[in-house]
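The chains referred to below are lettered A, B, ... by the order of the sequence lines, with proteins before strands, and numbering in each begins at 1. Values below: all heavy atoms of this structure, side chains included; hydrogens, waters and symmetry mates excluded.
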There are 2 protein chains.
Amino acid sequence: MFDTRLHAAQQAVGAALAQALTRLPEGPLRDAMGYAAQGGKRLRAFLVLESAALFGIPAAQAMPAAAAVEALHAYSLVHDDLPAMDDDDLRRGQPTVHRKWDEATAILAGDALQTLAFELCAEPVLGPAERRIALVAALAQASGAAGMVHGQMLDIAAETAPVALTLAEITRLQAGKTGALISFAAEAGAILAGTDRAPLAAYAQALGLAFQIADDILDVEGSEEAAGKRLHKDAEAGKATFVSLLGLEGAKARAAALATAAEAALAPYGERAETLRETARFVISRDR
Amino acid sequence: MFDTRLHAAQQAVGAALAQALTRLPEGPLRDAMGYAAQGGKRLRAFLVLESAALFGIPAAQAMPAAAAVEALHAYSLVHDDLPAMDDDDLRRGQPTVHRKWDEATAILAGDALQTLAFELCAEPVLGPAERRIALVAALAQASGAAGMVHGQMLDIAAETAPVALTLAEITRLQAGKTGALISFAAEAGAILAGTDRAPLAAYAQALGLAFQIADDILDVEGSEEAAGKRLHKDAEAGKATFVSLLGLEGAKARAAALATAAEAALAPYGERAETLRETARFVISRDR
């Protein structure tokens, strides 16, 4: 059931992004955007659709928000992979955008994917203007200089810092770098429904941290083939991670505890939130 | 009168941007954003405020939209100056962001300035949610892969093209690269007022092209000291410009004719549009 829903969401959001791109002028910019927005787990889109479903909002109505969060995520990956940032050649098993095209195209494709994300949040099908503008404000908060980009900046600073980060510092960094957008995605349903976001916010906070700890575990234990990207980067770079700070078993225990906390936060929604609970378990058991 | 209004707008939008930045976490990211958003003519902000004034919308109400268009413009300059793009060391008489900090900071500061622009469009003071979401949609249209970024991509392609562009191709390129955002700015007042944008759209189309032709003339005749950036780049790079295609006198005549056309497009607004008319004359007579 969970796999079926996740797979359906992956297909649908891929189609929605492809459809949004057909409205743009043809050429290498659009090609690079489409390439960058392909594949991935679509976890963030899934969270948008499942949190919307919690309030009876059909997938077709919430879809532009799901596509928006994936466009935003894709932009962050394209820029993060640039030579001046993480300098990665491989992403989702394929050459990164600046390797397949060039740096200028990667910078511009990332820029335009960010723009597309906000454009998608304005789509009338999402509902009343009040809800759509709240979505824009929340996405900007989550992804800008107080959210995701702030986390990326802290991450870059950590690479050249003389001493490794503490657990509190890493937690703060990841709350921005990956947590903020995951929180936006999980709260999107409540935003679209115009209702209290608090339970989903608590769920997302635990989920986002569990996600990142699982990422650090995958960086140590995972297969590069399944992950589709270079692994063991953090250990090679001597960067502090949840695994280096908590140990492998400690990290696994912490991730499991956070997934349980995420599930518990959904209590107000009862049975209706079962897929979101399964998502928490999925996040710590995935192989990529 | 014109100078006084322009100066007041420059001061006010600078203060609004500075105020928006104080809400962000301290650090080099915020510093670089503030640095990039300083100075400049603030022509786009001025167009927002003056088009809003046309419909009786006070400057204090329209200010977040004026700040948004300047944040968007600043992001485009920071990314445009990057080594992989135009590779410029000087902007507005100061070192470019990647020279003063580094490339990673410049990429992230540009990214976060774009985000800030959309966040500012969601500010409640701008008016009803319907108007604010229309502003978001218009800004995304103007600045994304069908607008400004599309123009930048065409510009980069032109640099490596075997044959110089034709007048029609340059006009299309500039309509995206600089014209789209100028059009957004000039139409913003009508968007905020929820009224017909057509006269301002016609004004902005002529104004944007006049602006770019004046830029090409400045690139040949201007002083680097006044401009605060490297000039004569296009001639050195063998790129086609309005001057290379029309000749210096031909370009001046075309810019003057466009300014006159821009003024004429404001006829429906009568005397109320006098400052916007002066703006058209200013655009072709400026020295930077």
Start with the C-alpha gap between A/Leu108 and B/Met85, add the side-chain angles, then the distance that decides, and say whether side-chain contact (heavy atoms from CB on, under 4.5 Å) holds.
-> CA-CA 10 Å; A/Leu108 293 175; B/Met85 307 272 288; 3.6 Å; yes

Rounded to the nearest 0.5 Å, how far apart are CG of A/Leu139 and CG of A/Leu72?
-> 4.5 Å

When rounded to the nearest 0.5 angstrom, what is the spacing between CD1 in B/Ile156 and CG in A/Leu29?
-> 9.5 Å

Is chain A contacted by the side chain of B/Val149, its backbone, both, or neither, given a heavy-atom distance below 4.5 Å?
-> both

Picking from B/Pro128, B/Ala122, B/Gly144, B/Ala157, which has the most non-hydrogen pairs under 4.5 angstrom with chain A?
-> B/Ala122

Residues B/Ala36 and B/Leu113: closest non-hydrogen pair is CB-CD1, 3.9 Å

Enter the distance from B/Leu82:CG to A/Ile107:CD1 here, rounded to the nearest 0.5 Å.
-> 5.0 Å

Over all atoms of both residues, closest heavy-atom pair of A/Ala59 and A/Leu49 = O-CD2, 3.9 Å

Which bit of B/Leu154 comes within less than 4.5 Å of chain A, counting heavy atoms only: side chain, backbone, both or neither?
-> neither

Scored by heavy-atom pairs under 4.5 Å with chain B, the best of A/Pro25, A/Pro28, A/Ala146 is A/Pro25

What are the atom names and distances for all donor-acceptor pairs below 3.5 Å between chain A and chain B?
| unit_1 | atom_1 | unit_2 | atom_2 | d |
| --- | --- | --- | --- | --- |
| A/His79 | ND1 | B/Asp111 | OD1 | 3.0 |
| A/His79 | ND1 | B/Asp111 | OD2 | 2.8 |
| A/Asp111 | O | B/Gln114 | NE2 | 3.2 |
| A/Asp111 | OD1 | B/His79 | ND1 | 2.9 |
| A/Asp111 | OD2 | B/His79 | ND1 | 2.8 |
| A/Gln114 | OE1 | B/Thr115 | N | 3.3 |
| A/Gln114 | OE1 | B/Thr115 | OG1 | 2.6 |
| A/Gln114 | NE2 | B/Asp111 | O | 3.2 |
| A/Thr115 | N | B/Gln114 | OE1 | 3.3 |
| A/Thr115 | OG1 | B/Gln114 | OE1 | 2.5 |
| A/Glu119 | OE2 | B/Gln141 | NE2 | 2.8 |
| A/Gln141 | NE2 | B/Glu119 | OE2 | 2.8 |

Closest heavy-atom pair and its distance - B/Val48, B/Ala62 = CG1-O, 4.0 Å

Measuring heavy-atom distances to chain A, does B/Met148 have an atom under 4.5 Å in its side chain, in its backbone, in both, or in neither?
-> neither

Is A/Leu192 close to A/Phe55 at the side-chain level, that is, under 4.5 Å between some pair of heavy atoms?
-> no

